[in-house]
Every structure is written in C-alpha cells, then in structure tokens.
2 protein chains.
Amino acid sequence: MDSARKNHLEARANILKALAHPSRLYIVEELQQGERCVCDFAEQIGADISTISKHLSVLKQAGIVADEKRGNQVFYRLRVPCILNFFGCVESVLEEQAKQHSALLSR
Amino acid sequence: MDSARKNHLEARANILKALAHPSRLYIVEELQQGERCVCDFAEQIGADISTISKHLSVLKQAGIVADEKRGNQVFYRLRVPCILNFFGCVESVLEEQAKQHSALLSR
DNA sequence: TGGCTATTTGGCAATATTGCCAAATAGCCA
DNA sequence: TGGCTATTTGGCAATATTGCCAAATAGCCA
C-alpha cells in the first residue's frame, strides 16, 4: 500500500473516530435541527460542561462542525449536512446485527 | 435523554468505532470488490496476521462483515454494501477540512 | 474596574484500543 | 496419525480516549 493511500485511510479513519462516541453523535443529531450553543447540550447530555466542550472540540478539529462566538455564548453548527444520510447506512448495519443475533438464537 | 435513545446512540457509536481504523477501512474498501480471505489482507496491510485477524473480528462483531470457512481458509464479505455510499460523505468532510485550512492560512 | 456568565484549557486517573508474540485450533493431505 | 497451512485466541506492554475538577479566558453589564 503506498503512502498516499495510507494517508487517505488515516484521514477518513480520523473523521469516523470523531463521530464514534454517543455524546458526539447526539450533538451531531441535534445540530441537524439547527445551530445550538454549548449550554443547550450541557442540559441534555448529563455530563460536565468541560466534557461537552471537549467533545465539541473533537468534532471541530475533524471539520464536522464550525463554531461562532456571539456575546458570551458559542454557537455550533454542522459544516457537513450529509452526515445525516450517512446514518441511514449505520441503521442498516444495526438491522443486520439483529438478523445475525436471531439466527444464532434459532440454531 | 431517555435510556432507549442512549442505547441507540451507543449502538451507532459502536459501529462507527468499528470502522474508525485505517486498516479496517482498507479491509472494507477491499471487500467492496468482492470477498477476500485473511491471507489477502495480510500481504497488503503490513501487519501481523494475528493483528489482521483481530481487526476482522472487530468488523464481524459490529455486523459489518460475515465470514465463511472454506477448506483451511476463511473468507470475509461485506454484510452491508451501503457502507460504500457512506464514504462519499466522509470525503466531503475532508474537503471541508481543506477549505478550513486554506482559510486559516490566508488570514 | 469588578463581578457575573459561558466556555475552554490543563492535568490527571481510569479505561479502552492497538499490535506484537506465542500458543491453540481446525482443516487438509500423505 | 503426523505434519503442514491458515487462522484465531490469550496475554501483555504501549498508547489513546474519556471525563472529571480546577483554573484560565473572554465578553457583558453595573
């Protein structure tokens, strides 16, 4: 495998890694409805604000969200709306999992 | 957030986590061309066979691939072909990243 | 300026992931 | 059966991720 391909795979893996956490998925889902400030998430996700902030920074670092400071609040929005479709496929993996498990059970 | 939603987010996050590794992404890309045996990957990815085998088991556990033993080889195939489309979006995140970086540079 | 709110950053302990080596397992063939 | 090939599993050290607390930062308003 050449090093360009390696770099590309690594770049993709980093994006998936950034999405691969329940709180961060929640954030992305919420942002599909429109922009939110950090405080909005703090209530909904039961975690320390500093933890939420770090999750947001992971998503920002990965290029998935953008932030904008207005007054003393910071608003986040999705940079990449297609993330939504993306999940249709994840759902179909979940369905496959279900099939797999019921097949195992019925043996 | 109710516990059903939490479970669902966790299930999705687990699938993304399973995909979020360069070698595993490589495997998924290869499998889009058709089934492969473990030995095929061993050559292409420069890692110990036991490492490859563990990556495959992560993908299998997540419901992304299925395996079948034939003779003394084990063949893997994608359970969920849509994983492919999925990556179109990941690419667009990469493009956003590029924009972001060039914007920063031109400041 | 001082005090308040919102958010980020630093540091750290607990936990999870990765990748290797060695050993186990399973099928094939002589 | 014994030896071979292909693959998986166990174990472990190195590394990465997570989530908290405390402290820093930035904007607002009196």
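The shown structure was predicted, so the numbers you read here are calculated from the model rather than taken from an experiment.
By the 30° and 60° cut-offs, the orientation of the rings of B/H21 relative to B/H55 is tilted.
Between A/Y76 and C/dA6 there is no side-chain N or O to OP1 or OP2 distance below 4.0 Å.
Residues A/L16 and B/L25 meet the side-chain proximity criterion, which asks for heavy atoms closer than 4.5 Å.
Note: CZ (A/F41) to C1' (C/dT8) measures 16 Å, nearest angstrom. Here the C1' atom of nucleotide C/dG3 and the CG atom of A/N72 are 13 Å apart, to the nearest Å. Remark: C1' of D/dT5 and CD of B/Q73 are 9 Å apart, rounded to the nearest angstrom. For B/Q61 and D/dT9, the CD to P distance is 11 Å, given to the nearest whole Å. In this structure, A/K69 places its NZ atom 7 Å from C1' of C/dA6, rounding to the nearest Å. The nearest whole Å value for the distance from the NZ atom in A/K60 to the C1' atom in C/dT7 is 11 Å.
Screening B/K69, B/R70, B/R36 for a side chain to side chain contact (heavy atoms under 4.5 Å, CB included) with B/F75, the sole residue that qualifies is B/R70.
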- Under a cut-off of 3.5 Å for both distances of each Watson-Crick or G-U pair, what dot-bracket string does DNA chain C give, using [ ] for crossing pairs and | for inter-strand pairs? ||||||||||||||||||||||||||||||
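Here CD of B/E68 is found 12.5 Å from SG of B/C37. Values are rounded to the nearest 0.5 Å. Taken from CG in A/L31 to CD1 in A/I64, the straight-line distance is 10.5 Å, to the nearest 0.5 Å. Considering CG of B/L78 and CG of B/L59, their distance stands at 9.0 Å, rounded to 0.5 Å. Here B/L9 contributes atom CG and A/S23 contributes atom OG; the two are 8.0 Å apart, rounded to the nearest 0.5 Å.
Of the N and O atoms on the side chains of A/Y76 and A/E35, not one donor lies less than 3.5 Å from an acceptor on the other residue.
Picking from C/dT7, C/dT5, D/dT7 the nucleotide with the shortest atom distance to the side chain of B/V74 gives D/dT7. Looking at the side chain of B/S53, the nearest of the listed nucleotides D/dT8, D/dT7, C/dT7 is D/dT8.
Looking at A/E10 and A/R12, no side-chain N of the basic residue comes within less than 4.0 Å of a carboxylate O on the acidic one, giving no salt bridge.
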Polar atom pairs (N or O), protein with nucleotides 17-24 of chain D, under 3.5 Å:
unit_1: D/dT18; atom_1: OP1; unit_2: A/R24; atom_2: NH2; d: 3.4
unit_1: D/dT18; atom_1: OP2; unit_2: A/R24; atom_2: NH1; d: 3.2
unit_1: D/dT18; atom_1: OP2; unit_2: A/R24; atom_2: NH2; d: 3.4
unit_1: D/dG19; atom_1: OP2; unit_2: A/H21; atom_2: NE2; d: 3.1
unit_1: D/dG19; atom_1: OP2; unit_2: A/H55; atom_2: NE2; d: 2.8
unit_1: D/dC20; atom_1: OP2; unit_2: A/D48; atom_2: N; d: 3.1
unit_1: D/dC20; atom_1: OP2; unit_2: A/T51; atom_2: OG1; d: 2.9
unit_1: D/dC20; atom_1: N4; unit_2: A/K54; atom_2: NZ; d: 3.1
unit_1: D/dC21; atom_1: OP2; unit_2: A/D48; atom_2: OD2; d: 3.3
unit_1: D/dC21; atom_1: N4; unit_2: A/S50; atom_2: OG; d: 2.9

